[in-house]
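Beneath this line is the structure, given in structure tokens, with notes to follow.
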Amino acid sequence: MVISVNLGLIWILLWIYDSFVNGLDFDRLPELHKRDQSDFSGNSTVRIKGISIGGWLTTEPYITPSLYDTAFNIVSETTGGNATNIVDEYTLSQALGYDRARDLLAEHFNTWITEDDFRQISEDGFNLVRIPIGYWAWKTDSASNTYLGSITFEDPYVSDGLQLRYLDNALGWAAKYGLDVWIDLHGAPDTQNGFDNSGQRDLFNELNWLKSETSRDLTMAIWESIFETYLSRNVTNSVVGIEIMNEPLSPRLDEYSMKEYYYKAFELYKQGNINSDNTTFVIHDAFKEIGHWNLYLNPDYNNVTAQYANFSNITFQASSILVDHHHYEVFTEFQLHNNQSSRITDIMNYAESVSSELSFHPALIGEFSAALTDCALWINGVGIGARYDGSYYRTTNFTTDYDPVGQCQSQLPVSNWTDEFKDHVRQFVEVQLATYTEKSNGWIFWNWKTENATEWDYLRLKENGLFPTPLDNYTYFQSDGQMQNFFSSSLFPRPSTSSSATSTTSSTQKSNGASSLHQIFNLSTNPEKMSFAWKFSTLVTVICVFTFINIM
């Protein structure tokens, strides 16, 4: 009797273990769908395999440092001014003045991304292009700082429709090469995050997006224009997603107002959605924890919605809203100090966490990179150093208790990289591609190209064999997101009896935050691939333990 009861308990435990290791049945989870080449709402399921073309219609100094070097030289040679004040597109436009800034930026827009880039993106197997663009693209008269809707907002940015003309070119190129497009509002009036990629860098002060009536009105006017212009009402329109705001930094914003305006944006979206629109409404997670947005913009939780909006006349499904997560492993000292096994485990755990959201909203990782360091020139901002070598803390007001990781080398050409570092970069890329594909609705790599920041540059990574070609041609992983046996064995070796091995294992588990069954049992694939002897010995051991407990 004791043995039979124990056997029942054992099989229950083994079933639970098998379910944990194998994971959920992700084929049943809601995901984006495609009805035709221009949308994600039909019958045939797809995973997004996207690429961002950042640094084009909104410039970023680390992506094209030569653009900023040119601006420095123009200021020095023509005005004798202090070029060190140029740290973002706002100060670039301010320092150069309208005419010189327009000439410089127009040349950049015309040459940095061309039709040939879209052709190559398609040929390389991507199915979506994410295009960042700043709010200033909707300025109608730079001389009077007039925006659409006759709203006046003071800023030095160049526009008069220049960026929108190039955006229209991009949509045409995307349609020609069978690519979907995700329009991403990357910069907000008064900056939503204080990063230079928002157009205006402000690392230390309070952020003002949505604080003034003008900031609120202009934001709403731009959203309304985007929805009126780009919602996909026919199969020839390439736009399948509209991200209403990139990376609002909720800890430095009025979070209630931010959420309220997420709802206002969705109301505008639904108003423009009356003709069976096929375009997905995308929100960034605003640096909130995984799962934070599950109950927001969800018709099953009207008590949450009621805090921000009256949706009594709006019919929608939670699957209409996609949550965009961005994940990098180089912007905290803890991450930079991770060893490779910890880094790989972090990504697998992160992907697993994102998968838990999918029964509420579709979700994907809309930005990630190959970066293992923050050493790329100006990745943290013009004139700011790297956390990796400690120079970040000599060039900002921030402090740390961490020692530098080491000397920066990754900003050098790949020919200067060690074989071990190159292997680690390739492994890091693969774990993200494999697990994000398996555990979420897809991924969008940041970025298509840079001038010299290889860890962030798909083209350079591919050229050097550090990015799979084709995109699922993995070396270290399988198509189901599991590690190859040889890689798992090398990354998580079986514990030995020596004190040094015990110390290493303990250290790894602490940095991971939690041990993994894959590490404990050295399993990189299905439990089905365990040998019969291993399964039988495990079963016998558990029976003995349970029997002994009952006898005692």
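Please read these numbers as outputs of a predicted model, since none were measured by experiment. Heavy atoms only: backbone and side chains are in, while hydrogens, waters and symmetry mates are out.
Between Phe126 and Trp448, the angle of the ring planes goes over 60°, which puts this pair in the perpendicular group of the 30/60° scheme. Below 30°, between 30° and 60°, or above 60°: for Phe266 and Phe311 the angle between ring planes is between 30° and 60°, a tilted geometry.
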Q: Give the C-alpha distance, both sets of side-chain angles, the deciding distance and a yes or no for side-chain contact (heavy atoms from CB on, under 4.5 Å) between Arg130 and Asn246.
A: CA-CA 11 Å; Arg130 179 171 177 254; Asn246 176 68; 2.9 Å; yes

**Q.** Step-by-step side-chain hydrogen bond (donor to acceptor under 3.5 Å, both in side chains) determination, Tyr62 to Asn447
**A.** CA-CA 11 Å; Tyr62 89 95; Asn447 192 42; 5.6 Å; no

Q.
Could you walk me through whether Thr59 and Tyr68 satisfy the side-chain hydrogen bond (donor to acceptor under 3.5 Å, both in side chains) test, starting with their C-alpha distance in whole Å, then the side-chain angles of each, then the deciding distance to 0.1 Å, before giving a yes or no?
A. CA-CA 9 Å; Thr59 67; Tyr68 281 77; 2.7 Å; yes

Q: Report the C-alpha distance between Ile48 and Asn127 in whole Å, list the side-chain angles of each, state the deciding distance to 0.1 Å, and finish with yes or no for side-chain contact (heavy atoms from CB on, under 4.5 Å).
A: CA-CA 7 Å; Ile48 290 177; Asn127 57 22; 4.2 Å; yes

Q: Give the C-alpha distance, both sets of side-chain angles, the deciding distance and a yes or no for side-chain contact (heavy atoms from CB on, under 4.5 Å) between Trp136 and Tyr90.
A: CA-CA 10 Å; Trp136 53 95; Tyr90 186 101; over 6 Å; no

Q: Please assess Tyr436 against Lys49 for the test side-chain contact (heavy atoms from CB on, under 4.5 Å), listing each intermediate value before the final yes or no.
A: CA-CA 10 Å; Tyr436 297 164; Lys49 296 182 178 181; over 6 Å; no

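Residues Lys439 and Val354 are not in side-chain contact: their nearest non-hydrogen atoms beyond the backbone lie 4.5 Å or more apart.
When the ring pair (Phe, Tyr, Trp, His ring centres under 6.0 Å) test is applied to Phe445, the partners found at least two apart in sequence or on another chain are Phe368, Phe467. Annotation: ring pair (Phe, Tyr, Trp, His ring centres under 6.0 Å) contacts of Tyr350 (sequence neighbours excluded): His327. With sequence neighbours excluded, the residues forming a side chain to side chain contact (heavy atoms under 4.5 Å, CB included) with Leu295 are Tyr301, Val304, Phe360, listed by chain and number. For Lys288, the salt bridge (Lys or Arg N to Asp or Glu O under 4.0 Å) test picks out Glu255, with sequence neighbours left out. Under the rule for a ring pair (Phe, Tyr, Trp, His ring centres under 6.0 Å), the partners of Phe398 that lie at least two apart in sequence or sit in another chain are Phe204, Tyr392. Annotation: salt bridge (Lys or Arg N to Asp or Glu O under 4.0 Å) contacts of Asp99 (sequence neighbours excluded): none. Partners of Ala188 according to the side chain to side chain contact (heavy atoms under 4.5 Å, CB included) rule, which considers only residues two or more places apart in sequence or in another chain, are Gln192, Trp209, Met245. Evaluation of the ring pair (Phe, Tyr, Trp, His ring centres under 6.0 Å) rule for Tyr328 yields Phe331, Trp456 as partners, not counting sequence neighbours. Partners of Arg165 under the salt bridge (Lys or Arg N to Asp or Glu O under 4.0 Å) rule, at least two apart in sequence or in another chain, do not exist in this structure. For the side chain to side chain contact (heavy atoms under 4.5 Å, CB included) test, residues two or more places apart in sequence or in another chain that qualify with Asn110 are Tyr166. In this structure Val87 satisfies the side chain to side chain contact (heavy atoms under 4.5 Å, CB included) test together with Thr91, Arg201, Val382, sequence neighbours excluded.
Under a cutoff of 6.0 Å and an axis angle of 45°, Lys264 and Tyr261 form a cation-pi pair.
Expressed to the nearest 0.5 Å, how far CG of Leu459 lies from OG1 of Thr454 amounts to 11.0 Å. Between atom CD1 of residue Ile242 and atom CG of residue Leu185 there is a gap of 10.5 Å, rounded to the nearest 0.5 Å. Ile131 CD1 to Ile113 CD1: the interatomic distance, rounded to the nearest 0.5 Å, is 9.0 Å. For the atom pair CG of Asp88 and OG of Ser198, the computed distance is 7.5 Å after rounding to the nearest 0.5 Å.
Shown here for Arg387 and Asp374, the closest heavy-atom pair between the two residues is N-OD2, 2.7 Å. Considering all non-hydrogen atoms of both residues, Ile244 and Trp223 come closest at O-NE1, 2.9 Å. Across Glu329 and Ile347, no two heavy atoms sit closer than the pair OE2-CD1, 4.0 Å. Of all non-hydrogen atoms in Asp389 and Cys408, the two that sit nearest each other are OD2-SG, 3.7 Å. When all heavy atoms are compared, the tightest approach of Leu92 to Ala101 is CD2-CB, 4.5 Å. Nearest heavy atom pair, residue Asp196 against residue Gly381, reads OD2-CA, 3.8 Å.
For Asp190 (side chain) and Ser215 (main-chain N/O), no donor-acceptor pair under 3.5 Å exists by modelled atom type. The backbone N or O of Ala221 lies less than 3.5 Å from no partner atom in the side chain of Ser225, so there is not a single donor-acceptor pair.
Using a 3.5 Å distance cut-off with no hydrogens or angles, the side chains of Tyr296 and Lys259 do pair a donor with an acceptor. Using modelled atom types, one finds a donor on one side chain and an acceptor on the other under 3.5 Å when comparing Thr373 with Glu455. Between the side chains of Asn145 and Glu154, a donor-acceptor pair is found at a separation under 3.5 Å. Side-chain polar atoms of Trp443 and Thr437 form a donor-acceptor pair below 3.5 angstrom.
Residues Tyr147 and Tyr135 place their aromatic rings such that the two centres sit under 6.0 Å apart.
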Less than 3.5 Å apart, which donor and acceptor atoms pair up between the side chains of residues 170-177 and the rest of the protein, not counting sequence neighbours?
{"unit_1": "Lys176", "atom_1": "NZ", "unit_2": "Glu115", "atom_2": "OE2", "d": "2.7"}
{"unit_1": "Tyr177", "atom_1": "OH", "unit_2": "Glu115", "atom_2": "OE2", "d": "2.7"}

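No more than 12 heavy atoms of other residues, nucleotides or ligands shown are found within 6.0 angstrom of CD on Gln317. Other residues, nucleotides and ligands place no more than 12 heavy atoms under 6.0 Å from the CD atom of Glu213.
The residue from Asp457, Asp116, Asp117 that alone fulfils the salt bridge (charged side-chain N to carboxylate O under 4.0 Å, His left out) condition with Lys449 is Asp117.
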